[in-house]
Asker: 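Please see the structure below; I have some questions.
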There are 2 protein chains.
Amino acid sequence: MLQGRTWVFPNTPYISASAAVGGPFEAQGPLADDFDILHGDLWLGEDSFEKAEKKLLEQACEKAIDKAGYKKDDMQFYLAGDLMNQVISSNFSARTLTIPYLGLFGACSTSMESLALGSLLVDGGYAKRVLVGTSSHNASVEKQFRYPTEYGSQKPPTAQWTVTGAGAAVVTSEKTGIKVTSATVGRVVDMGIQDPFNMGVAMAPAAVDTIEAHFRDLNITASAYDLILTGDLGKIGHRIAADLLKKHGLKVAEDKFGDCGLLIYREDQPVLAGASGCACAACVVFGHILNRMRRGELHKVLVVATGALLSPISYQQKESIPCIAHAVAFEAEGGGRSQ
Amino acid sequence: MLQGRTWVFPNTPYISASAAVGGPFEAQGPLADDFDILHGDLWLGEDSFEKAEKKLLEQACEKAIDKAGYKKDDMQFYLAGDLMNQVISSNFSARTLTIPYLGLFGACSTSMESLALGSLLVDGGYAKRVLVGTSSHNASVEKQFRYPTEYGSQKPPTAQWTVTGAGAAVVTSEKTGIKVTSATVGRVVDMGIQDPFNMGVAMAPAAVDTIEAHFRDLNITASAYDLILTGDLGKIGHRIAADLLKKHGLKVAEDKFGDCGLLIYREDQPVLAGASGCACAACVVFGHILNRMRRGELHKVLVVATGALLSPISYQQKESIPCIAHAVAFEAEGGGRSQ
């Protein structure tokens with residue numbers, strides 16, 4: 001069902017299970033216990049960071065399928081995307097999984113883009129069991145978008161730290177403790193920011209645009225949610241988003257407005273303005289947040305995953321940064337059979 | 001409705017209008033009359049090939065919307081992808097169009113991936129009017145995947161020529177002459193081919209896998225279609241696909257089995273094994289084929305767009321080429337109000 005640009009899911013797709021996989025830096029963070037698998041090194045026994053990233057995504061997918069009590073052949077569709085050129089982490093994981101595959105690109109908004117579409121497939125009767133996932137790897141992303149980490153180039157305090165990890169979820173029509181109730185598709189918002197070391201600022205207006213559309217489409221206010229969580233705005237972007245919400249007359253209580261990029265690392269980890277990367281929202285939501293919902297600590301949550309849709313080429317050609325945010329609303333029904 | 005991995009669309013999404021835009025090389029081809037806009041130079045007045053590609057896509061989208069008698073604000077969602085790193089042609093066109101946007105990646109299968117999902121949104125009542133599109137540009141793709149064309153590097157006869165162009169379609173719930181009846185989602189198939197100058201061979205098994213699934217899921221044979229058209233297998237891949245179909249016991253008459261990569265250029269244009277690129281299937285189908293359906297020359301057509309999901313990095317790391325094919329079935333109802 002469509003309201004504005006929000007899909008409402010009356011047939012309630014459910015999160016059957018979800019999984020999060022992280023690297024050594026994530027293992028030192030405050031959410032370590034919410035990861036299903038944590039790796040001690042960045043290579044995962046592979047000979048390239050790209051292959052390591054693919055492995056992270058495969059492990060998250062396999063773990064989510066396993067926790068849901070399924071086999072990979074039970075999955076009817078696999079929706080995934082990532083930050084690598086030509087989304088190779090997703091493509092190659094789809095080769096391993098051999099599930100009918102739809103490749104996506106939403107940069108760091110991919111976790112919620114894939115979940116929105118996966119939930120729609122289940123809601124509309126176009127699938128019974130869908131696997132969604134995304135990944136990022138600090139070293140593969142740094143190498144591709146900036147410099148190889150070995151160069152040791154310095155960054156400004158507005159820069160964010162790309163999460164090494166992957167998150168995946170199995171969406172089904174079978175009742176579990178956590179349902180997906182609606183999803184709002186983002187529009188590209190570009191306020192003219194050109195600095196790729198200041199993504200939070202670039203993405204904040206896109207997050208606010210989607211939150212505003214979500215409220216308007218469903219005729220609700222922030223009070224409908226226990227928590228509204230943006231994807232990876234970081235310290236600076238989060239503050240700007242909060243200011244913009246206020247400016248637009250949308251009252252969101254400070255303690256109910258969070259950002260995945262501020263949750264995954266400790267204050268004293270050297271991540272500058274916070275975390276980012278496709279795995280940021282994916283790991284925090286598919287791990288920590290859904291676990292909190294399973295424990296009954298959160299009842300209704302809106303996740304607004306943000307993505308900066310630039311490329312090194314578009315930046316070099318002096319283009320500004322087009323940004324997007326896709327939102328998905330979760331609701332815990334109690335019972336907690338979601339794994 | 002789901003059968004196997006095929007979505008059947010009982011509420012029949014319709015092609016309200018479609019458009020194709022091409023470059024100078026496409027203007028010399030046999031399908032020139034089927035393009036809505038043809039450009040005399042590769043730059044389109046822009047200062048980079050990437051910006052020229054974005055412009056091709058924007059023009060195809062705007063033309064399709066215009067032919068359908070709509071304004072861009074009437075479009076509820078825009079689904080697009082391309083071959084550029086981080087699909088920047090699509091992202092930046094979405095910025096221009098300001099339509100709620102879902103970025104996709106399916107390499108040269110994107111035309112049918114976007115149309116499959118767009119049709120599903122309309123069929124399921126999740127949208128009334130959806131815009132889908134994709135693009136490629138010979139020079140931007142050569143530069144990114146191989147060498148800048150100015151280097152003049154030689155290629156083997158198995159190589160294919162990337163189409164400079166873009167195709168777009170408006171899918172709506174309003175009855176027109178052409179409906180989308182079903183779509184089959186591809187699986188990644190990788191037969192171990194590692195040569196990026198021999199994509200047709202790599203992609204042929206993926207096309208056959210999807211055609212086979214489509215027939216099985218709908219319990220039909222090739223006789224259900226006037227034409228089965230693969231995306232961009234080229235001369236060598238097309239022959240292999242025909243052989244494989246025979247080997248799998250699927251009888252497809254030779255004159256009913258075609259390939260977009262063999263249609264868009266003249267025999268004497270120097271394109272080696274044929275055409276490729278996201279725009280290949282998009283221009284041929286959204287231009288030529290739909291025009292033939294509008295004129296009553298074709299009644300039922302299955303388009304199987306093929307994509308090679310590699311990246312320069314995956315190739316350099318000695319990975320083989322994972323391939324996919326997404327199929328969409330079109331049916332002409334007569335009347336021909338589809339523009």
Side-chain angles (χ1 to χ4, degrees), chain A residues 1-2 4-5 7 47-48 50-51 76-77 81 83-88 90-92 94-107 109-110 113 116-117 120-121 123-128 140 144 184-190 213 307 309-314 317 319 322 324 326, chain B residues 1-2 4-5 7 47-48 50-51 76-77 81 83-88 90-92 94-107 109-110 113 116-117 120-121 123-128 140 144 184-190 213 307 309-314 317 319 322 324 326:
Chain A
M1 201 167 67
L2 181 68
R5 51 179 156 125
W7 296 320
D47 60 4
S48 77
E50 290 79 11
K51 290 180 187 170
Q76 295 173 315
F77 299 103
L83 284 165
M84 290 291 92
N85 296 342
Q86 289 74 54
V87 303
I88 47 170
S90 302
N91 298 342
F92 282 89
R95 181 178 73 178
T96 305
L97 295 164
T98 66
I99 305 166
Y101 165 61
L102 293 161
L104 305 176
F105 182 81
S109 72
T110 304
E113 182 185 2
L117 277 170
L120 182 147
L121 291 183
D123 183 68
Y126 299 100
K128 284 202 171 110
S140 69
Q144 177 181 283
T184 300
V185 177
R187 267 190 324 182
V188 172
V189 176
D190 184 336
L309 306 177
L310 81 166
S311 83
I313 282 277
S314 74
Q317 294 184 359
E319 278 283 9
I324 202 160
H326 299 299
Chain B
M1 200 169 69
L2 181 68
R5 50 182 157 123
W7 295 320
D47 60 4
S48 78
E50 290 78 12
K51 289 179 187 170
Q76 295 173 316
F77 299 103
L83 284 164
M84 290 290 93
N85 296 341
Q86 290 74 54
V87 304
I88 47 169
S90 301
N91 299 342
F92 282 90
R95 181 179 73 178
T96 305
L97 295 163
T98 65
I99 305 166
Y101 165 61
L102 292 161
L104 305 177
F105 183 81
S109 73
T110 305
E113 182 186 1
L117 278 170
L120 183 148
L121 292 184
D123 183 68
Y126 300 100
K128 284 203 171 105
S140 68
Q144 178 181 280
T184 300
V185 177
R187 267 190 325 182
V188 172
V189 177
D190 185 336
L309 306 177
L310 81 167
S311 83
I313 282 277
S314 73
Q317 294 183 359
E319 278 283 8
I324 202 161
H326 300 299

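To find a chain, count down the sequence lines: A is the first, B the second, and so on, and within it residues start at 1. Note that the coordinates shown come from a computational prediction; the quantities given were computed from them, not determined experimentally.
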Asker: Please give me the minimum heavy-atom distance between A/Leu117 and A/Leu104, naming the atom from each residue.
Answerer: CD1-CD2, 3.9 Å
Asker: With a 4.5 angstrom heavy-atom cut-off, which part of A/Tyr126 approaches chain B: side chain, backbone, both or neither?
Answerer: both
Asker: Side chain, backbone, both or neither: which part of A/Ala94 has a non-hydrogen atom closer than 4.5 Å to chain B?
Answerer: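 The answer is both parts of A/Ala94.
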Asker: Mind ranking A/Gly81, A/Ser314, A/Ala107 by heavy-atom pairs under 4.5 Å with chain B and telling me who comes out on top?
Answerer: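 Of A/Gly81, A/Ser314, A/Ala107, A/Ser314 has the most heavy-atom pairs under 4.5 Å with chain B.
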Asker: With a 4.5 Å cut-off on heavy-atom pairs, point out which of B/Gly4, B/Gly124, B/Gly103, B/Ala127 contacts chain A the most.
Answerer: B/Gly103
Asker: Mind telling me whether A/Phe77 and B/Trp7 have parallel, tilted or perpendicular rings, with 30° and 60° as the class edges?
Answerer: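 The arrangement is tilted - the two ring planes meet at 30° to 60°.
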Asker: Working to the nearest 0.5 angstrom, can you tell me the gap between B/Tyr101 OH and A/Ser109 OG?
Answerer: 9.5 Å
Asker: Please rank A/Ala213, A/Ala116, A/Ser48 by heavy-atom pairs under 4.5 Å with chain B and give me the top one.
Answerer: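 Heavy-atom pairs under 4.5 Å are most numerous for A/Ser48.
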Asker: Closest approach of A/Pro322 and B/Arg95, non-hydrogen atoms and distance?
Answerer: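 Where A/Pro322 meets B/Arg95 most closely, the heavy atoms are CB-CD, 4.3 Å.
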Asker: Find the one option among A/Leu309, A/Leu121, A/Ile324 whose heavy-atom pairs under 4.5 Å with chain B are most numerous.
Answerer: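 Looking at each option in turn, the highest pair count goes to A/Leu309.
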Asker: For chain B, find which of A/Ser90, A/Gly125, A/Pro312 contributes the most heavy-atom pairs closer than 4.5 angstrom.
Answerer: A/Gly125
Asker: Top residue by heavy-atom pair count (under 4.5 Å) with chain A, among B/Gln76, B/Lys128, B/Lys51, B/Met84?
Answerer: B/Lys51
Asker: Quick one: which of B/Arg187, B/Gln86, B/Arg5, B/His326 has the most heavy-atom pairs under 4.5 Å with chain A, could you say?
Answerer: B/Gln86
Asker: When rounded to the nearest 0.5 angstrom, what distance separates CD in A/Glu113 from CG in B/Leu102?
Answerer: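 One finds 5.0 Å between CD of A/Glu113 and CG of B/Leu102.
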Asker: Would you please test A/Phe105 and A/Val87 for side chain to side chain contact (heavy atoms under 4.5 Å, CB included) and show each step?
Answerer: CA-CA 7 Å; A/Phe105 182 81; A/Val87 303; 4.0 Å; yes
Asker: Give the intermediate values and the outcome of side chain to side chain contact (heavy atoms under 4.5 Å, CB included) for residues A/Val188 and B/Thr98.
Answerer: CA-CA 6 Å; A/Val188 172; B/Thr98 65; over 6 Å; no
Asker: Identify which part of A/Leu310 has an atom lying under 4.5 Å from any heavy atom of chain B, answering side chain, backbone, both or neither.
Answerer: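 Only the backbone of A/Leu310 comes within 4.5 Å of chain B.
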Asker: Does A/Glu50 reach the side chain of A/Gln144, with side-chain heavy atoms less than 4.5 Å apart?
Answerer: no
Asker: For chain A, which candidate among B/Leu120, B/Thr184, B/Ile313 shows the most heavy-atom pairs at distances under 4.5 Å?
Answerer: B/Leu120
Asker: What is the distance from atom OG of B/Ser311 to atom CG of A/Asn85, rounded to the nearest 0.5 Å?
Answerer: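 The OG atom of B/Ser311 sits 6.0 Å away from the CG atom of A/Asn85.
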Asker: Top residue by heavy-atom pair count (under 4.5 Å) with chain B, among A/Asn91, A/Val189, A/Asp190?
Answerer: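 Top option by heavy-atom pairs under 4.5 Å: A/Asn91.
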Asker: At a heavy-atom distance under 4.5 Å, which candidate from B/Leu83, B/Ile99, B/Asp123, B/Asp47 has the highest pair count against chain A?
Answerer: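 Between B/Leu83, B/Ile99, B/Asp123, B/Asp47, the count favours B/Asp123.
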